[in-house]
Enquirer: 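Sharing a structure with you now.
As the structure is a computational prediction, the values presented were derived from the model and not from experiment. Side chains are part of it too, since the values below use all heavy atoms of this structure and drop only hydrogens, waters and symmetry mates.
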Amino acid sequence: MATTLSEAYRDHPLHLHHIIPLDFSSLRTLPDSHAWPQTEDGHHHDDHDDDDHGGGSCIPIIDLMDPNAMELIGLACENWGAFQLKNHGIPLNVVEEVEKEAKKLFALPADRKLKALRSAAGATGYGRARISSFFPKHMWHEGFTIMGSPCDDAKKIWPNDHTRFCNIMENYQKQMKMLAEKLTQMMLRLLGICEDEKGWVGSRNLCEAVQLNFYPCCPEPNRAMGLAPHTDTSLLTILHQSQTNGLQIFKEGAGWVPVHPHPNTLVVHTGDILHILSNSRFPCALHRVMVNSERQRYSVAYFYGPPLDYVLSPLLLSSFPRFRSLSVKEYIAIKAKNLGQALSLITTIQN
């Protein structure tokens with residue numbers, strides 16, 4: 001059965017050429033379709049760049065067991081829109097197993113993976129990043145999207161041997177949902193939101209998804225892009241990244257800042273929905289992924305947000321609302337057609 005989020009995307013089909021990834025295993029040079037123009041910042045950072053783990057150029061690392069964790073999360077969300085979380089309660093073996101299954105999936109021959117290719121109006125299965133159609137060049141990336149049970153798609157790849165993959169992914173989604181609920185309660189408490197406004201947290205039919213990402217070794221990483229700059233639609237995103245650099249967060253005044261992997265931590269960053277609910281107090285994290293020539297990179301993103309029929313409007317009564325009210329489904333529809341301009345199209349403040 002389709003989840004509510006996959007139903008929302010059904011109304012916004014993509015052309016197949018925006019869905020089918022290249023067979024990266026057969027490439028020895030960078031095709032023009034994947035060659036991005038150089039940007040002013042030289043846009044590539046290798047594993048030795050910006051290696052300032054202790055300075056002001058690193059997003060905060062927060063211990064969820066710290067008595068001041070909620071206040072620290074609030075500061076990180078205000079200043080960065082992102083933080084790394086340790087002592088988060090997700091067992092290490094749960095994270096290791098999901099990465100192992102992702103590696104097994106993406107190592108398959110292209111024709112096997114294409115058996116689970118997303119349909120034009122689909123939201124789950126194998127394919128390019130959904131944001132691909134908004135950019136003139138393709139990304140050095142392939143992904144696998146799960147909403148609800150992964151079994152329908154997994155059966156297409158492993159007709160007789162999909163149970164382990166399904167169980168691991170479903171358990172991961174369950175564990176991430178519990179952590180997301182805990183973090184959401186903290187964030188809403190920080191915003192002074194009353195209990196009546198938190199009723200959707202923990203309900204059924206939430207907008208949630210798991211995204212497996214693979215960034216192969218790239219012959220010319222300085223001219224390629226793993227994932228183009230964008231913000232997530234979600235309230236928040238929880239990301240496990242393998243121990244390979246690549247993720248970068250944009251911070252005003254600092255530019256693109258690498259999010260160095262730390263063992264046993266998860267990256268948490270804010271999305272558009274939290275930006276709206278907080279009346280722009282919490283920025284939505286603009287992020288991108290770079291690639292390199294020597295190491296493959298894997299990540300697993302969990303997206304979390306309110307149900308489709310939940311009405312989004314700034315929940316701060318002390319200031320003028322910066323955004324008009326609309327449902328989650330309506331916002332998804334706007335962003336599906338206007339990736340980078342969606343927030344500006346619902347703003348109530350004229351420049």
Side-chain angles (χ1 to χ4, degrees), residues 14-51 99 102-118 120 125-145 157 211-232 239-250 255-261 267 285-301 339-340:
L14 298 172
H15 293 292
L16 278 179
H17 70 268
H18 288 307
I19 299 173
I20 302 173
L22 276 184
D23 180 3
F24 293 104
S25 65
S26 65
L27 296 176
R28 296 294 174 265
T29 58
L30 186 75
D32 181 67
S33 59
H34 288 66
W36 290 63
Q38 289 288 312
T39 56
E40 290 181 7
D41 67 349
H43 88 196
H44 176 68
H45 295 264
D46 65 27
D47 283 358
H48 304 290
D49 286 346
D50 303 312
D51 200 19
E99 184 177 319
K103 288 179 177 177
K104 185 173 78 171
L105 169 66
F106 291 119
L108 291 170
D111 60 343
R112 281 283 296 280
K113 291 180 285 191
L114 287 170
K115 291 180 183 296
L117 184 71
R118 281 202 321 268
Y126 176 71
R128 297 185 195 269
R130 176 164 280 275
I131 63 172
S132 297
S133 61
F134 291 95
F135 297 93
K137 296 293 184 176
H138 294 310
M139 296 164 227
W140 201 260
H141 162 273
E142 51 189 289
F144 190 90
T145 308
I157 297 174
Q211 173 74 27
L212 309 180
N213 298 305
F214 175 48
Y215 305 93
C217 296
C218 181
E220 296 181 71
N222 287 323
R223 300 175 62 217
M225 179 72 74
L227 210 55
H230 68 286
T231 64
D232 291 344
L239 181 82
H240 160 67
Q241 56 175 344
S242 59
Q243 296 299 300
T244 302
N245 275 355
L247 176 65
Q248 297 178 349
I249 299 278
F250 187 82
W256 289 104
V257 179
V259 182
H260 298 293
V267 179
L286 183 66
H287 57 287
R288 70 183 187 185
V289 176
M290 312 310 292
V291 291
N292 69 68
S293 59
E294 297 174 1
R295 300 182 67 184
Q296 299 175 334
R297 183 177 180 273
Y298 301 86
S299 71
V300 185
L339 180 72

Enquirer: Calculate, to the nearest 0.5 Å, the distance between atoms NE2 and CD1 belonging to His138 and Ile20 respectively.
Expert: 10.5 Å
Enquirer: Apply the side-chain contact (heavy atoms from CB on, under 4.5 Å) test between Trp140 and each candidate in Glu220, Arg297, His34; give the one that qualifies.
Expert: His34
Enquirer: Is Arg295 reaching over with its side chain to a backbone N or O of Gln243, donor-acceptor style, under 3.5 angstrom?
Expert: yes
Enquirer: Can you list the residues that meet the ring pair (Phe, Tyr, Trp, His ring centres under 6.0 Å) rule with Phe135, with sequence neighbours excluded?
Expert: Trp36
Enquirer: Tell me, please, which residues at least two apart from Ser293 pass side chain to side chain contact (heavy atoms under 4.5 Å, CB included).
Expert: Pro221
Enquirer: Can you list the steps and then say if Gln248 with His287 is a side chain to side chain contact (heavy atoms under 4.5 Å, CB included)?
Expert: CA-CA 6 Å; Gln248 297 178 349; His287 57 287; over 6 Å; no
Enquirer: Give the intermediate values and the outcome of side chain to side chain contact (heavy atoms under 4.5 Å, CB included) for residues Ile19 and Arg128.
Expert: CA-CA 5 Å; Ile19 299 173; Arg128 297 185 195 269; 5.7 Å; no
Enquirer: Compare all side-chain heavy atoms of Phe144 with those of Val300 and state whether any distance is below 4.5 angstrom.
Expert: no
Enquirer: Is there a donor in the side chain of Glu99 and an acceptor in the side chain of His240, or the other way round, less than 3.5 Å apart?
Expert: yes
Enquirer: Tell me every residue that passes ring pair (Phe, Tyr, Trp, His ring centres under 6.0 Å) with His141, counting only those two or more places apart in sequence or in another chain.
Expert: Tyr215
Enquirer: Quick one: does Gln241's side chain get under 4.5 Å of Val259's, heavy atoms only?
Expert: yes
Enquirer: Going by ring pair (Phe, Tyr, Trp, His ring centres under 6.0 Å), name the residues that satisfy it together with Phe214, two or more places apart in sequence or in a different chain.
Expert: Phe106, Tyr298
Enquirer: If we only count heavy atoms from C-beta on, is the Ile249 to Val267 side-chain gap below 4.5 Å?
Expert: no
Enquirer: What side-chain donor-acceptor pairs closer than 3.5 Å can you find for residues 26-33, not counting sequence neighbours?
Expert:
residue : atom : partner : partner atom : Å
Ser26   : OG   : Asp23   : O            : 2.9
Arg28   : NH1  : Ser25   : O            : 3.3
Asp32   : OD2  : Lys137  : NZ           : 3.3

Enquirer: For Lys115, check salt bridge (Lys or Arg N to Asp or Glu O under 4.0 Å) against everything at least two apart and list the hits.
Expert: none
Enquirer: Looking at Gly127 and Leu117, what are the two nearest heavy atoms and their distance?
Expert: CA-CD1, 4.4 Å
Enquirer: How close do Glu142 and Phe24 get, counting heavy atoms only, and between which atoms?
Expert: OE2-CD1, 3.4 Å
Enquirer: Checking Phe250 against Thr231 for the side chain to side chain contact (heavy atoms under 4.5 Å, CB included) test, could you report, in this order, the C-alpha distance in whole Å, the side-chain angles of both residues, the deciding distance, and whether it holds?
Expert: CA-CA 10 Å; Phe250 187 82; Thr231 64; over 6 Å; no
Enquirer: Could you measure the distance from the CD atom of Gln211 to the CG atom of Leu239? Nearest 0.5 Å is fine.
Expert: 10.5 Å
Enquirer: If every non-hydrogen atom of Ile131 is compared with every non-hydrogen atom of Ala228, which pair is closest and at what distance?
Expert: CD1-O, 3.9 Å
Enquirer: Side chains of Leu286 and Trp256: closer than 4.5 Å at any heavy-atom pair?
Expert: yes
Enquirer: Please report the C-alpha distance between Glu294 and Cys217 in whole Å, then the side-chain angles of each, then the deciding distance to 0.1 Å, and finally whether the side chain to side chain contact (heavy atoms under 4.5 Å, CB included) criterion is met.
Expert: CA-CA 6 Å; Glu294 297 174 1; Cys217 296; 5.7 Å; no
Enquirer: Could you state the interatomic distance from CE (Met290) to OG1 (Thr244), rounded to the nearest 0.5 Å?
Expert: 15.0 Å
Enquirer: Rounded to the nearest 0.5 Å, what's the gap from NZ on Lys113 to CD1 on Ile157? Could you check?
Expert: 9.0 Å
